[in-house]
Amino acid sequence: MTVTDDPTPARASDRESDRRHHVHGQTDLSAHERSGPTAVVVGGHGVHLTTDDGRELIDGFSGLGCTSLGYHNDRLAKAAADQLATLPYAPTFYGRSHPGIARLAERLTAMAPDGLDRVTFQCSGSEATDAMVKFLWARNVARGQPERRTLVSRWRGYYGNTVASVSLSGQPHMHARFGLPLPGFVKTLTPNYYLDHVDGETEEEFSARMAADFERVVLDEGPDTIAAFFAEPMQSGGGAIRPPDGYWPAMQAVIREYGIHFHVDEVVCGFGRTGNLWGSQTWDLRPDSMTCAKALTAGYFPMSATLFRDDLYRDLEANSDEVGVLGHGFTYSGHPVGAAVALEALDVYDDIDLVGHVRSVSPGFLAGCEALADHPLVGDVRGVGLFCGIQLVEDAASRTLFDPARRIGTLVQDLAHDRGLYLRCIAPDRISFMPPLVITDDEVAEATSRLAGALDDAWALVRAGNA
Ligand SMILES: Cc1ncc(COP(=O)(O)O)c(C=O)c1O
C-alpha cells in the first residue's frame, strides 16, 4: 500500500462546522467561537504539514510531540490497513489475547529499562498514568499499607488530563474550575534553573535546593504515606525544561533514602527524543515503573503502555486472587491495529536507526537554537537531542518576563506560522521546539531560520510599541 500525497478533501464549510460545533481542548473558546480554527490541516509529507489554504509548514512540534516519523509512512499505513482487513478489533478482558499484542508486550518489555517486565496497554498517556496510580494504590492495600496513597509530582509537570493524571500535573490552568487536584496529590518545585535560580547560584546548588524541597514535601507528608514520585525525565508540557546539572542525582538520592516508588513518564522522551531510546538513559534514571505513548505508534494510532516490575505485578495478582480479577481495563486496551502499528513503528525505528539519526542531527539542531540566544527577545535556550526550550523575555539581563497579557509567545507562534513553521508556545512565553525525529540537517536549518525570522518579526512589533 502506498500513502497518497493528496490532501484530505476540505469543504469551504468545514471551518464553519468546526467553529459552530467542535469543542476543542486547550483552546481559547471565545477566540474559536469568533474566528474558527487557527489552522485546518489536510495533509502532510515528511516533516511538512499542508493546510486547507494550500500552505506548507514545517512541523516544529511533531503534532503534539508524537509524529516521530513525520506524516507519510507507507509501512505504518500498510500495517494498519492489513490489520484492519484481518482482525480489526479484539478485546483483552477475561484473559483474551491476539498475536499482535502478545508480541508487542514481549518486544516492549525487552526494550524497557531493566526489570520492567510487565505491561498493560491503553489508548492515551493520561489513561496510562491513571492505571499506574490505581495499581500503586491497590498494591499498597495488598501490602497492608492502605495509607500509602500520596502522589508527589512537580509543578509544571504534565501527565495527562483524566482526573488522576491531571491531579498529578502541575498545571494550574488545568485544575481551575474543575475542583482539582484531588486531595493527596502534592507538588514539589520544578527545576527551571534559568528562571528560578538566585543570582550566583550554580546549577549544582540549585539542584540541591530542588532536592531539598522534594525531601521537605516527603517529610511533611510522612514518608510512609508516599505511594510514588512521578516525573518526566525532561519536562515537556511545562515548556521543554531540561533538568540542570546535578538534578537527577540529587533527586534520586532522596528517592533512595526514603524508598520511594519512582515512576518515570516517558510519554514524550521515549523512543529517541533525547538522543537515547529512553530519557531514563539520558539522565541515568532507575524507574520502578514507566509510561510511554505518542511515538510508540509514531502518533498514527492512539496507544499507550504502562510498564512495571514483577513485584508490583505479584501484589496485583494477590488482589486479583481475593477479588476475582484485576478490576481495571478499557474496551480498546491492546487494540490490534495499535499493536500492529506499534510493532511496525519499532521495526522502522530499528531499520533506519532512528536514535542514531537523532544523534546525528541533534548538534545542528541545538546549535541552530543556541544561535538564537543572543536575540533581544530570548533569555535562555536549553535542549538535548531534538528537544529544546527557548524562553522569551522582556529583559534578558534581569530575567524579566513579559506581562502575560501581551501574549508575546502566542505572537511568535503566529508569526512563525506565517513563515511556515508550526510551533507551540507554552506559558510563560516558552517555545517548545521538538520536530519529528526524522528531520534532516537541511530541514533543521530551514526550521531554525524560519524561527529566527519570526523572532525578528515579533521584535520589530515590540520595538515599535505594537505588541
Ligand atoms: C509527558 C506527558 N505525559 C502524559 C501525557 C498525556 O498523554 P495524552 O494526551 O495521550 O493523554 C502527555 C501529553 O502531552 C505528556 O506530554
Item to check | Salt bridge flag under 4.0 Å for residues Arg143 and Asp311 | outcome: yes
Checklist entry - Parallel, tilted or perpendicular: which fits the ring planes of His32 and His24, with parallel below 30° and perpendicular above 60°? => result tilted
Checklist entry - According to the interplanar angle, ranging from 0 to 90°, do the rings of Phe308 and Phe135 count as parallel (below 30°), tilted (30 to 60°) or perpendicular (above 60°)? => result perpendicular
Next on the checklist: Could you check whether Arg399 pairs with Asp199 (Lys NZ or Arg NE/NH1/NH2 to Asp/Glu carboxylate O, under 4.0 Å)?
Outcome noted: yes
Checklist entry - Parallel, tilted or perpendicular: which fits the ring planes of Phe229 and Phe214, with parallel below 30° and perpendicular above 60°? => result tilted
Item to check | Ion pair check, Asp457 and Arg419, cut-off under 4.0 Å | outcome: yes
Checklist entry - Is a side-chain N or O of Arg149 found less than 3.5 angstrom from the main chain of Leu136, in a donor-acceptor match? => result no
Checklist entry - Does atom CG of Asp284 have more than 12 heavy-atom neighbours, drawn from other residues, nucleotides or ligands, at distances under 6.0 Å? => result yes
Checklist entry - Is a side-chain N or O of Trp155 found less than 3.5 angstrom from the main chain of Pro191, in a donor-acceptor match? => result no
Item to check | Within 45° cone and under 6.0 Å: Arg118 NZ/CZ vs Tyr313 ring | outcome: yes
Checklist entry - Any ion pair linking Arg107 and Asp347 (charged N to carboxylate O, less than 4.0 Å)? => result yes
Item to check | Note: Asp220-Arg216 ion pair, threshold 4.0 Å (strictly below) | outcome: yes
Checklist entry - Val438 and side chain to side chain contact (heavy atoms under 4.5 Å, CB included): which partner among Asn73, Thr67, Ile352? => result Ile352
Item to check | Main-chain N/O of Leu189 paired with Asp213 side-chain donor or acceptor, under 3.5 Å | outcome: yes
Checklist entry - More than 12 foreign heavy atoms under 6.0 Å from OH of Tyr332: is that the case here? => result no
Next on the checklist: Quick one: does any side-chain atom of Asn319 pair with a main-chain N or O of Ala138 as donor and acceptor, under 3.5 Å?
Outcome noted: yes
Checklist entry - Are Glu394 and Arg406 close enough for a salt bridge, meaning some N to O gap below 4.0 Å? => result yes
Checklist entry - Would a line drawn from the ring center of His45 to the ring center of Tyr71 be shorter than 6.0 Å? => result no
Checklist entry - Sub-3.5 Å donor-acceptor pair from the side chain of Trp278 to the main-chain atoms of Met111, do we have one? => result yes
Next on the checklist: Treating Asn140 as the side-chain partner and Gln145 as the backbone partner, does any N or O pair qualify as donor plus acceptor under 3.5 Å?
Outcome noted: no
Checklist entry - Under 30°, 30 to 60°, or over 60°: which ring-plane class applies to His197 and Tyr193, parallel, tilted or perpendicular? => result parallel
Checklist entry - Counting distance only, does the side-chain N/O of Arg359 pair as donor-acceptor with the main-chain N or O of Gly275 below 3.5 Å? => result yes
Checklist entry - Do Phe230 and Phe262 have their ring centres less than 6.0 Å from each other? => result no
Item to check | Lys/Arg N to Asp/Glu carboxylate O, Glu215 vs Arg209, below 4.0 Å | outcome: no
Checklist entry - Mind checking what makes salt bridge (Lys or Arg N to Asp or Glu O under 4.0 Å) contact with Asp442, not counting sequence neighbours? => result none
